[in-house]
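When a ligand or atom number is given, it counts from 1 through the structure's own listing order.
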Amino acid sequence: MVDIRKVTVLGAGVLGSQIAYQSAFKGFEVTSYDVSEDALAAARDRFTKLAETYTREVPGADSSSVTAGIDRITLTSDLAAAVTDADLVIEAVPEILDLKREIYTKIGELAPESAIFATNSSTLLPSDLKDFTGRPERFLALHFANKVWQFNTAEVMGTADTDPAVYSAVVGFANDIGMVPIELHKEKAGYVLNSLLVPFLNAAVDLVAGGYADPEAVDRTWMVATGAPIGPCRIFDIIGFTTPYNIMSHGDAHAQELAAWLKENYIDKGKLGLASGEGFYRYPEDPSGD
Ligand code: NAD
């Protein structure tokens, strides 16, 4: 029987703060670890902002439930204290292989043997890290998507060593914190979501960059033909141009050409998507137009 009650989240940046807050909001006792007092101050700020966002955007959230969420989070920059009685440690530190290996080596010694470790890495496979955890059978990936409070997925992906009981417990935990667990049967770079999304977005940029169709036409085609509420160019704007650009820059020769086109026509002009006020579309939009 694998019981998850106490959750520790390593890294309180964009995703780590969201995972910690969502878990606490759903009733778990959470420890949020980051490296310095400055980082913890930034984390406190993020939690306060998340509480405001939940009040506005999460059905049923009110001032007492969002405050209770904050109250269930303990912040610390002491790694040993952070993991000492954790049932589940979710790692959301920067996407740097050596940094992640270093932190797993440390917590492998500091955490109880029973603790499960899960990485939120978007681009690394759990196999890249498992040998540093001291517990490959209790290690897997639990991958969240940005804005965890919205109806959202948590992709669960183990290695060949992951104990099926641990895998099931983590699927159960994802459910308990209101995610839609997506179970992968074996390791796959990009999980399900990015395996679909990356080629999809590349194809949309290819159509626009090649002069075949405007962003509006690309999106309209997808929406009318499949019933989807938005199209790929709109998704691009919402994600922001930087991450897709970085992924394309590391792709094949054609992907690199598309990355160069994005840089010249959008990124260098400060058009980074919705957050910057303009991407494939301009924001705010004229409510009379489409
Ligand atoms: P981020 O840069 O916003 O946050 C990283 C945090 O880790 C920072 O607060 C930093 O102070 C802290 N940190 C640095 N070194 C550390 C250490 N040694 N120990 C503990 N904490 C340390 O990064 P992020 O966007 O939250 O990404 C974190 C992980 O989540 C990455 O693996 C990334 O692939 C994954 N992820 C990110 C997104 C996203 O949309 N940003 C989505 C899914 C998954």
Side-chain angles (χ1 to χ4, degrees), residues 8-23 30-47 49-50 53 73 75-83 86 89-111 117-126 128-129 132-133 139-150 152-157 174 177 179-182 184 188-198 201 235-247 250 272-275:
T8 294
V9 183
L10 305 179
V14 175
L15 255 282
S17 61
Q18 293 182 16
I19 297 164
Y21 188 74
Q22 178 72 15
S23 304
V30 175
T31 301
S32 169
Y33 165 83
D34 212 305
V35 281
S36 65
E37 285 309 315
D38 282 355
L40 293 184
R44 255 179 225 109
D45 219 38
R46 285 181 200 278
F47 292 135
K49 293 209 171 83
L50 282 168
T53 303
I73 301 175
L75 284 140
T76 182
S77 58
D78 178 339
L79 187 58
V83 300
V89 179
I90 302 173
E91 169 271 306
V93 309
E95 194 72 341
I96 301 166
L97 179 62
D98 287 343
L99 177 70
K100 289 193 192 269
R101 286 180 169 172
E102 191 186 312
I103 200 152
Y104 279 111
T105 305
K106 285 187 189 153
I107 62 169
E109 284 166 16
L110 294 169
F117 295 169
T119 181
N120 183 48
S121 172
S122 294
T123 62
L124 300 169
L125 292 173
D128 297 329
L129 301 166
F132 297 81
T133 63
F139 174 65
L140 74 180
L142 175 61
H143 182 242
F144 294 83
N146 198 9
K147 301 197 176 175
V148 300
W149 62 90
Q150 294 179 348
N152 223 332
T153 57
E155 299 180 277
V156 188
M157 186 168 84
I177 61 164
M179 300 290 106
V180 178
I182 305 296
L184 281 98
K188 164 88 179 138
Y191 304 82
V192 173
L193 177 60
N194 284 333
S195 297
L196 293 168
L197 196 55
V198 171
L201 297 184
I235 295 174
F236 220 95
D237 276 4
I238 293 169
I239 295 173
F241 278 48
T242 313
T243 303
Y245 167 76
N246 286 336
I247 295 172
H250 292 99
L272 300 173
L274 175 61

Here the gap from I177 atom CD1 to I90 atom CD1, rounded to the nearest 0.5 Å, amounts to 6.0 Å

Polar side-chain atom of T76 near backbone of D78 as donor-acceptor pair, under 3.5 Å: yes

Identity and distance of the protein heavy atom lying nearest atom 11 (O) of ligand 1: D34 OD1, 2.7 Å

Classify the contact between I103 and ligand 1 as side chain, backbone, both or neither, using a heavy-atom distance cut-off of under 4.0 Å. side chain

Would you tell me whether S121 and H143 have side-chain atoms, one donor and one acceptor, within less than 3.5 Å of each other? no

Could you tell me the separation between the NE2 atom of H250 and the OH atom of Y245, rounded to the nearest 0.5 Å? 9.0 Å

Close approach, E91 and ligand 1, non-hydrogen under 4.0 angstrom: no

Looking only at atom types and distance, does a side-chain atom of E91 sit under 3.5 Å from a main-chain N or O of Y104, one as donor and one as acceptor? no

Test of understanding: given a 4.0 Å heavy-atom threshold, classify the contact between F144 and ligand 1 as side chain, backbone, both, or neither. backbone

Just to be sure I'm reading this right: ignoring hydrogens, which of A92, G16, S122, G13 gets closest to atom 4 (O) of ligand 1? Compare them by their nearest heavy atoms. G13

Taking every non-hydrogen atom, the tightest pair across K100 and E95: CE-OE1, 3.2 Å

Does any non-hydrogen side-chain atom of V89 lie less than 4.5 Å from one of Y33? no

Nearest non-hydrogen partners of L79 and I103, listed with the distance: CD2-CG1, 4.5 Å

Mind checking whether E95 has an N or O less than 3.5 Å away from an N or O of ligand 1? yes

So do M179 and F144 actually touch side chain to side chain, heavy atoms under 4.5 Å? yes

What protein heavy atom lies closest to atom 17 (C) of ligand 1? Include the residue and the distance to one decimal. V35 CG1, 3.4 Å

Which of the atoms in ligand 1, numbered in the order shown and given with their element, are less than 4.0 Å from a heavy-atom of H143? 43 (C), 44 (C)

Under 4.0 Å from atom 2 (O) of ligand 1, is there any protein heavy atom? no

Locate the shortest heavy-atom distance separating D34 from A39; write the atom from each residue and the value. OD1-CB, 3.3 Å

Check each heavy atom of T119 against ligand 1 and say whether those closer than 4.0 Å belong to the side chain, the backbone, both or neither. neither

Looking at G16, is its backbone amide N or carbonyl O close enough to the side chain of N120 to form a donor-acceptor pair, meaning the two atoms are under 3.5 Å apart? no

Where on E102 is there a heavy atom closer than 4.0 Å to ligand 1, on the side chain, on the backbone, on both, or on neither? neither

Starting from atom 39 (C) of ligand 1, find the nearest protein heavy-atom neighbour and note its residue, name and distance. L15 CD2, 3.3 Å

Can you find a protein heavy atom closer to atom 13 (N) of ligand 1 than 4.0 Å? yes

For atom 7 (O) of ligand 1, grab the closest protein heavy atom and report residue, atom and distance to one decimal in Å. P94 CD, 3.3 Å

Numbered atoms of ligand 1 (with element) below 4.0 Å of Y33, judged on heavy atoms: 19 (N), 20 (C)

Heavy-atom pairs closer than 4.0 Å: do any link ligand 1 to the side chain of L10, the backbone, both, or neither? neither

Which one holds for A145 and ligand 1: side chain close, backbone close, both close, or neither close, with close meaning a heavy atom under 4.0 Å? neither

Are any of the N/O atoms on N120, whether in the backbone or the side chain, positioned under 3.5 angstrom from an N/O atom of ligand 1? yes

Top protein contact for atom 29 (C) of ligand 1, by heavy-atom distance: V93 O, 3.4 Å

Show which atoms of ligand 1 fall inside a sub-4.0 Å distance from at least one heavy-atom site of A12. 9 (O)

Side-chain touch I19/L142, heavy atoms, less than 4.5 angstrom: no

Tell me: protein heavy atom nearest atom 18 (N) of ligand 1, and distance? L99 CD1, 3.5 Å

Can an N or O of V14 be found at a distance shorter than 3.5 Å from an N or O of ligand 1? yes

Would you call T119 and F139 a side-chain contact if the rule is heavy atoms closer than 4.5 Å? yes

For Q22 against V148, the heavy-atom pair lying closest together: CB-CG2, 3.7 Å

Examine K100 against ligand 1 and note whether any of their N/O atoms are separated by less than 3.5 Å. yes

